[in-house]
Participant: 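Have a look at this one before I ask anything.
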Number of protein chains: 2
Amino acid sequence: MDQSHLGTSDRLLFAAIDLISERGYNGVTTQQIAEAAGVSEKTLFRHFGAKQKLLEAAFDRFHYGPEMKKLFGERLVWELEADLLTVCRTYHETMNRNRKVVQISQKDEVILPGYKERTHQHPLQLLEFLTNYFVEMGERGKMIRTDPKLAAFTFMMSHFGAFINDLEAGNHYPGIRLEPFMQESVRLFARALTP
Amino acid sequence: MDQSHLGTSDRLLFAAIDLISERGYNGVTTQQIAEAAGVSEKTLFRHFGAKQKLLEAAFDRFHYGPEMKKLFGERLVWELEADLLTVCRTYHETMNRNRKVVQISQKDEVILPGYKERTHQHPLQLLEFLTNYFVEMGERGKMIRTDPKLAAFTFMMSHFGAFINDLEAGNHYPGIRLEPFMQESVRLFARALTP
DNA sequence: TGATATTGTCAGTAAGTACTGACACCCTGA
DNA sequence: TCAGGGTGTCAGTACTTACTGACAATATCA
């Protein structure tokens with residue numbers, strides 16, 4: 001985790017995200033953030049003016065925008081099992097990139113009003129996408145007739161749950177790893193939804 | 001939410017759980033907790049001695065022990081769909097009773113070391129139970145051969161995800177309600193696992 | 001009524017914390 | 001060599017907050 005090559009601002013942003021995601025906004029002092037960044041507290045305030053501004057800047061810096069819309073529009077092969085795997089891989093990739101940001105918006109919703117919505121944009125998009133995909137697959141006769149939105153939601157939730165579970169403490173459920181879980185869940189849902 | 005009939009200690013414990021689950025341990029002052037309980041701050045300290053002790057007492061008070069082991073051991077009918085519904089209902093009931101406690105142990109793991117494990121005892125138990133159930137069902141020829149643990153985990157995770165999603169802000173995913181979700185998810189998993 | 005326990009009030013302490021100002025230092029580039 | 005931008009140091013301010021002590025008020029109950 002050597003960040004000495006980064007500029008002062010970036011080091012502060014990194015440190016802020018790291019510490020706040022662990023201990024919460026009110027659980028970390030500006031001094032601790034500055035120290036973690038290898039910088040004096042004064043410098044922190046010279047750059048960001050206020051603790052809150054620092055968090056907001058950090059949030060903006062590390063929150064990946066909704067850039068995946070068409071990202072896997074081409075990758076689809078209209079085979080249920082393969083496509084579900086693509087979707088859930090994309091989901092876990094996105095969530096893991098935003099890992100700490102998600103954690104912060106969970107812990108400190110109160111301090112960052114309005115920011116939680118941004119964090120939940122990705123999952124919402126994916127849900128919408130998956131729903132449309134199910135509709136289309138139904139029309140092609142490659143999927144059973146069900147409520148496509150609820151089916152998509154159930155699939156998403158199982159991966160959201162696994163993600164959060166992993167976020168929180170790693171190993172509550174011993175002997176369970178992400179990759180086998182993804183494959184098994186995809187297999188199950190594919191079997192459930194194939195005519 | 002009239003709690004005037006309760007004793008002083010209990011009112012304080014209620015107020016603590018309420019406020020801390022919303023704003024986090026460091027986001028609430030002892031004065032605010034006392035005020036919410038309709039009691040002077042001094043009384044708070046007379047009863048609990050320290051803020052941390054108050055939280056610990058509150059946690060103990062509102063954390064339901066693992067009392068369900070055999071609770072639905074008799075309710076099972078060895079029909080996949082019906083039993084899955086029983087399991088996930090039990091799950092959501094337990095989680096919802098512990099709602100605020102779960103939220104606190106998510107936000108303030110740092111302040112309550114060791115307590116998170118306790119919160120995750122119920123899900124762990126249910127997972128173990130469900131795994132054994134799947135094994136038994138497999139032996140009876142009423143279920144396909146799969147990794148029973150991963151299948152159980154996938155089912156649990158979809159409900160854990162739904163629970164957390166509901167916890168956090170209520171309605172990220174508009175138009176989705178718990179009851180229809182439970183039924184649809186049970187239907188899906190039953191279809192996936194029936195021979 | 002009187003004894004005891006519980007609570008409120010109020011003033012106060014000690015520590016922590018976000019944030020500032022003044023000044024000296026160092027590095028870079030002209 | 002000089003100027004300027006970014007930084008560290010240090011002292012300090014204003015505010016919050018967990019927690020305490022002393023005393024008065026009230027409720028409970030024998």
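Chain letters run A, B, ... following the sequence lines, proteins first, then strands; residues in each count from 1. All values below come from the heavy atoms of this structure, side chains included, with hydrogens, waters and symmetry mates left out.
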Participant: Under a plain distance cut-off of 3.5 Å, with no hydrogens placed, do B:Q121 and B:E117 share a side-chain donor-acceptor pair?
Facilitator: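 Short answer, no.
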
Participant: Which residues in residues 26-34 of chain A have at least one heavy atom lying under 4.0 Å from any atom of DNA chain C?
Facilitator: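 Of all residues in residues 26-34 of chain A, the ones placing a heavy atom under 4.0 Å from DNA chain C are A:V28, A:T29, A:T30.
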
Participant: Determine whether the aromatic ring centres of residues A:F160 and A:F155 are separated by less than 6.0 angstrom.
Facilitator: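 No.
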
Participant: Which pairs would a plain distance check flag for residues 142-151 of chain A, meaning a side-chain donor or acceptor within less than 3.5 Å of a matching protein atom at least two apart in sequence or in another chain?
Facilitator:
from   : atom 1 : to     : atom 2 : distance (Å)
A:K142 : NZ     : A:W78  : O      : 2.8
A:D147 : OD1    : A:K149 : N      : 3.0
A:D147 : OD1    : A:L150 : N      : 3.1
A:K149 : NZ     : B:P174 : O      : 3.1

Participant: Tell me: CG of A:L55 to P of C:dA18, nearest whole Å?
Facilitator: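 After rounding, the reported distance stands at 13 Å.
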
Participant: Do any pairs count as a salt bridge (Lys or Arg N to Asp or Glu O under 4.0 Å) and have a residue in residues 181-195 of chain A, sequence neighbours left out, and if so which ones?
Facilitator: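 Sorted pair list: A:E184-A:R187.
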
Participant: Report yes if the distance between the aromatic ring centroids of B:F14 and B:F62 is under 6.0 Å, otherwise no.
Facilitator: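 Yes - the distance between ring centres of B:F14 and B:F62 falls below the 6.0 Å cut-off.
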
Participant: In whole angstrom, what separates A:R23's CZ from C:dT17's P?
Facilitator: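 Spelled out: CZ on A:R23 to P on C:dT17 is 11 Å.
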
Participant: Please tabulate, one pair per line, all N/O donor-acceptor pairs under 3.5 Å involving side-chain atoms of residues 33-42 of chain B, not counting sequence neighbours.
Facilitator:
from  : atom 1 : to    : atom 2 : distance (Å)
B:S40 : OG     : B:T43 : N      : 3.3
B:S40 : OG     : B:T43 : OG1    : 3.1
B:E41 : OE2    : B:T30 : OG1    : 2.7

Participant: Under a 4.5 Å side-chain heavy-atom rule over Ile, Leu, Val, Met, Phe, Trp and Tyr, are A:L84 and A:L76 clustered together?
Facilitator: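 Linked, A:L84 and A:L76 end up in one cluster.
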
Participant: Name the pairs: protein N/O against N/O of nucleotides 5-8 of chain C, kept only if under 3.5 Å.
Facilitator:
from  : atom 1 : to    : atom 2 : distance (Å)
C:dT7 : OP1    : B:T8  : OG1    : 2.4
C:dT7 : OP2    : B:H47 : NE2    : 2.7
C:dG8 : OP2    : B:S40 : N      : 3.0
C:dG8 : OP2    : B:S40 : OG     : 3.0
C:dG8 : OP2    : B:T43 : OG1    : 2.4
C:dG8 : N7     : B:R46 : NH2    : 2.7
C:dG8 : O6     : B:R46 : NH1    : 3.3
C:dG8 : O6     : B:R46 : NH2    : 3.4

Participant: Hey, is B:R97 close enough to B:E93 for a salt bridge, meaning N to O under 4.0 Å?
Facilitator: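 Salt bridge absent between B:R97 and B:E93.
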
Participant: First and last nucleotide of DNA chain D touching chain A, 5' to 3', heavy-atom cut-off 4.0 Å?
Facilitator: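 In short, chain A contacts DNA chain D from D:dT7 to D:dT9.
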
Participant: Using side-chain heavy atoms (C-beta onward) and a distance below 4.5 Å, is A:E81 in contact with A:Q183?
Facilitator: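 Not touching, per the 4.5 Å side-chain cut-off.
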
Participant: Within the structure provided, determine whether B:Y25 and B:L112 are in side-chain contact (heavy-atom separation under 4.5 Å).
Facilitator: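 No, side chains not in contact.
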
